[in-house]
Amino acid sequence: MKKRAEVSKIVKKWKENNELQLPKFDPKRVEELKDSIKYPDEGSFDPNADETIF
């Protein structure tokens with residue numbers, strides 16, 4: 001329980017200082033990146049294939 005209290009204090013401090021370790025991307029940047037990476041890569045998956053490796 002002591003460890004949990006210590007961690008809670010650390011996380012509370014992060015929240016107060018707006019330093020959470022979670023990404024908070026600018027919406028404009030998200031739009032810039034949208035569709036910039038082709039995924040899955042061509043040839044890596046074929047939903048119409050008769051056989052799969054699984």
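Bear in mind the structure is a predicted one, so any value in this text is a computation, not a measurement.
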**Prompt:** In the single-linkage hydrophobic clustering (I, L, V, M, F, W, Y; side-chain heavy atoms under 4.5 Å), do Phe25 and Leu20 co-cluster?
**Reply:** no
**Message:** Regarding Glu31 and Lys34, does a basic nitrogen lie under 4.0 Å from an acidic carboxylate oxygen?
**Reply:**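 Answer for the salt bridge query: yes.
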**Request:** List the steps and the verdict of side-chain contact (heavy atoms from CB on, under 4.5 Å) for Lys12 and Lys15.
**Result:** CA-CA 5 Å; Lys12 184 178 180 185; Lys15 287 180 180 179; 5.7 Å; no
**Item:** Asp35 atom CG, neighbour heavy-atom count above 12 within 6.0 Å
**Value:** no
**Message:** Go through it in stages, so that I can follow the logic: the residues are Lys3 and Glu6, the test is side-chain contact (heavy atoms from CB on, under 4.5 Å), and I'd like the CA-CA distance, side-chain angles, deciding distance and then a yes or no.
**Reply:** CA-CA 5 Å; Lys3 186 75 169 174; Glu6 290 173 15; 4.2 Å; yes
